[in-house]
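Following: one structure in structure tokens, then a few remarks.
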Amino acid sequence: MKIRKLIKVALTCIAVSGVAVPSAALAETLQVLQGSPSSALNVSMNRAVVVESDTPFTELSIANPAIADISTLSDRTIYVLGKEPGRTTLTLLGADARLITNVEIHVTPDIAEFKERLEQILPGENIEVRTANDGIVLSGTVSSIARLDRAMELAQRYAPERVSNLMTVGGTQQVMLKVRFAEMQRSVSKSLSSSLGISGSTLGSSLGLSGGTNTMSNAGALANGLAGTLPGSADNNGAMLFGFNAGGLEVGILLEALEARGVVRTLAEPNLVALSGQEARFLAGGEYPVPVSQSDGTVTIDYKPFGVELNFTPRVIDGDMINLELEASVSSIDPSNGFSQGGFTVDAFRKRETSTTVEMRDGESFAIAGLLSDDFSDLNGQVPWLGDIPVLGALFRSAEYARQQTELVIIVTPHLVTPTRGEALALPTDRVAPPSERDLFLFGRVTNENAPTTGGAGEVARQDFSGSYGYVLED
């Protein structure tokens with residue numbers, strides 16, 4: 001009767017202190033097996049279990065007091081408190097130091113409280129919580145990577161470094177990234193130069209003259225100009241040569257003019273699909289061989305990629321929110337800035353690239369990079385003093401003017417995508433077939449464009465327009 005009263009008092013104290021006792025482990029009766037271990041006792045961390053023994057004991061010992069703490073309520077009743085996750089052994093000794101039993105105690109994280117907090121923080125998520133050894137195992141399906149990270153962070157609070165993640169992320173987790181490179185280059189250059197060439201003698205051959213300015217400043221160009229031939233170095237779009245003789249003196253005047261305008265448009269639209277959290281790479285171009293000298297004097301070839309390059313890592317954070325780590329570039333070979341050495345000619349590269357991290361929703365766009373460049377240069381060259389003479393000084397001057405403008409924009413748009421059936425997709429080659437011999441030799445057709453009627457290509461073919469289309473405005 002006294003033992004029962006003590007047990008009731010202990011249970012009352014536990015209830016008053018607010019410590020919940022698992023119903024399945026409220027009290028256990030240890031089967032006394034001489035020299036053999038008893039069954040394992042599971043105790044939640046920071047929870048207590050009252051254990052009853054059929055055989056009175058005189059001495060108790062715990063192998064690791066840091067894992068579990070014990071106290072006696074009577075010679076048959078033991079109070080076990082879980083402190084830290086782990087395993088330890090409780091030894092009961094009877095009269096004459098006789099072994100009664102060894103109890104293996106498993107202290108596990110308090111998953112009851114953890115489940116409550118998990119339901120409060122992440123309501124509606126299908127997450128299953130189990131214990132394994134001294135840790136926590138999470139399984140089930142969550143709606144996003146962000147919620148998975150929150151569940152893992154919360155579990156680390158209850159079992160630091162002892163959390164196993166078996167959860168999967170549901171929903172769409174594949175991202176298609178559409179990148180648009182748009183670049184416009186405008187250039188204008190103008191030049192105007194005049195050259196003067198003089199050769200011969202005057203004042204009764206007592207004074208000999210020979211020389212020229214600008215283009216006709218060298219002997220070969222001067223000889224050609226005075227002979228009525230344009231100098232070889234005159235490569236401008238417009239050149240006019242005229243001359244006259246004054247006695248024994250020959251005079252040649254060369255006028256050169258150039259005006260050039262140019263526009264370059266560059267557009268590239270690479271598309272790439274990747275799984276959330278995985279890196280994807282795209283290259284449309286080639287690899288350029290570059291000789292590399294080694295320490296032993298040999299020369300090896302290293303290949304440098306060029307063209308349209310795209311590397312990105314998408315992460316679906318929550319719902320349709322996407323985080324992107326992006327590297328994009330457009331490069332081309334630039335022979336004008338190359339160099340030659342040791343018998344090798346190596347061209348340079350012209351490259352426009354960006355590297356950034358952005359966050360946006362499905363279908364939204366960002367202009368992640370932009371460049372507006374305006375280069376201006378002019379040059380005025382003249383013969384000292386002679387170029388400053390009014391009117392006639394123009395024969396001793398040359399002027400050049402150049403301006404180049406560049407505008408570049410890089411726009412990215414991510415989309416959450418799911419796979420589709422192959423027949424729903426159209427390829428660029430679906431509508432083009434090799435011509436028959438009759439079409440090639442008799443009609444000169446190089447392709448046989450038979451519009452398909454099924455699949456994705458057929459859908460595109462049905463959207464083609466024929467005849468007049470657009471808007472008609474009538475008075």
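Worth knowing before you read on, the calculation uses all heavy atoms, side chains too, and leaves out hydrogens, waters and symmetry mates.
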#### Entry: Nearest-0.5 Å distance, CG of residue Leu310 to CG of residue Leu177
5.5 Å

### Query
Distance from Ile322 atom CD1 to Leu416 atom CG, nearest 0.5 Å?
4.0 Å

Return all side-chain donor-acceptor pairs below 3.5 angstrom for residues 272-294, not counting sequence neighbours, or 'none' if the list is empty.
| residue | atom | partner | partner atom | Å |
| --- | --- | --- | --- | --- |
| Ser276 | OG | Val316 | N | 3.0 |
| Glu279 | OE2 | Arg281 | NH2 | 3.2 |
| Tyr288 | OH | Asp347 | N | 3.0 |
| Tyr288 | OH | Asp347 | OD2 | 3.3 |
| Gln294 | NE2 | Thr300 | OG1 | 2.7 |

### Task
Just grab all the ring pair (Phe, Tyr, Trp, His ring centres under 6.0 Å) pairs involving residues 126-149, residues at least two apart or on different chains.
none

### Query
Do Leu138 and Met152 come close enough that some side-chain heavy atom pair is under 4.5 Å?
yes

### Query
Among all residues two or more places apart in sequence or in another chain, which pass the ring-ring contact (aromatic ring centres under 6.0 Å, His included) test with Phe312?
none

### Query
Just how far is it from atom CZ of Arg445 to atom CG of Asp439, taken to the nearest 0.5 Å?
5.0 Å

### Query
Of all residues at least two apart in sequence or in a different chain, which pass the salt bridge (Lys or Arg N to Asp or Glu O under 4.0 Å) check with Asp320?
Arg361

### Query
In this structure, are over 12 heavy atoms from other groups packed under 6.0 Å from Phe443 atom CZ?
yes

### Message
Around atom CD of Glu325, are there more than 12 heavy atoms from other residues, nucleotides or ligands closer than 6.0 Å?
### Response
yes

### Message
Under the rule for side chain to side chain contact (heavy atoms under 4.5 Å, CB included), what residues qualify as partners of Asp149, not counting sequence neighbours?
### Response
Ile145

### Message
Taking salt bridge (Lys or Arg N to Asp or Glu O under 4.0 Å) as the definition, give me every residue that meets it alongside Arg265, ordered by chain and number, with sequence neighbours left out.
### Response
none

### Message
Run the salt bridge (Lys or Arg N to Asp or Glu O under 4.0 Å) test against Arg130 and tell me which residues pass, sequence neighbours left out.
### Response
Glu128

Under 3.5 Å, which donor-acceptor pairs do the side chains of residues 119-127 form with other protein atoms, sequence neighbours left out?
| residue | atom | partner | partner atom | Å |
| --- | --- | --- | --- | --- |
| Glu125 | OE1 | Ser143 | N | 3.1 |
| Glu125 | OE2 | Ser143 | OG | 2.8 |
| Glu125 | OE2 | Arg147 | NE | 3.4 |
| Glu125 | OE2 | Arg147 | NH1 | 3.4 |

### Task
Could you list the residues that satisfy ring-ring contact (aromatic ring centres under 6.0 Å, His included) with Tyr158, not counting sequence neighbours?
Phe114

### Message
Using the ring-ring contact (aromatic ring centres under 6.0 Å, His included) criterion, which residues pair with Phe376? Sequence neighbours excluded.
### Response
Tyr401

### Query
Heavy atoms, side chains only, cut-off 4.5 Å: are Arg186 and Glu407 in contact?
yes

### Query
What are the two closest heavy atoms between Ser329 and Glu353, and how far apart are they?
CB-CB, 3.3 Å

### Task
Would you check if Phe366 and Ile411 make a side-chain contact, meaning some heavy-atom pair closer than 4.5 Å?
no

### Heavy-atom check, side chain of Glu269 versus side chain of Lys178, under 4.5 Å
yes

#### Entry: Side chain proximity check, Val137 to Leu166, heavy atoms < 4.5 angstrom
yes

### Non-neighbouring partners of Asp302 that pass salt bridge (Lys or Arg N to Asp or Glu O under 4.0 Å), sequence neighbours left out
Lys304

### Any donor-acceptor N or O pair under 3.5 Å, side chains Gln185, Glu183
yes

### Query
What closest approach, in Å, do Met360 and Leu324 show between heavy atoms, and which atom pair accounts for it?
CE-CD1, 4.5 Å

### Query
Should Asp334 and Arg350 count as an ion pair when the cut-off is N to O under 4.0 Å?
no

### Message
Test side chain to side chain donor-acceptor pair (under 3.5 Å) on Thr413 and Ser365; report intermediate values, then the result.
### Response
CA-CA 4 Å; Thr413 305; Ser365 298; 2.5 Å; yes

### Non-hydrogen atoms of Ala151 and Met167 that approach each other most closely
CB-CE, 4.2 Å

### Task
Tell me, please, which residues at least two apart from Thr345 pass side-chain hydrogen bond (donor to acceptor under 3.5 Å, both in side chains).
Ser340

### Query
Between Arg403 and Asp375, does a salt bridge (Lys or Arg N to Asp or Glu O under 4.0 Å) hold up when you go through it step by step?
CA-CA 6 Å; Arg403 185 176 184 181; Asp375 297 331; over 6 Å; no

### Query
Quick one: CZ on Arg315 to CD1 on Ile317, what's the gap to the nearest 0.5 Å?
9.0 Å

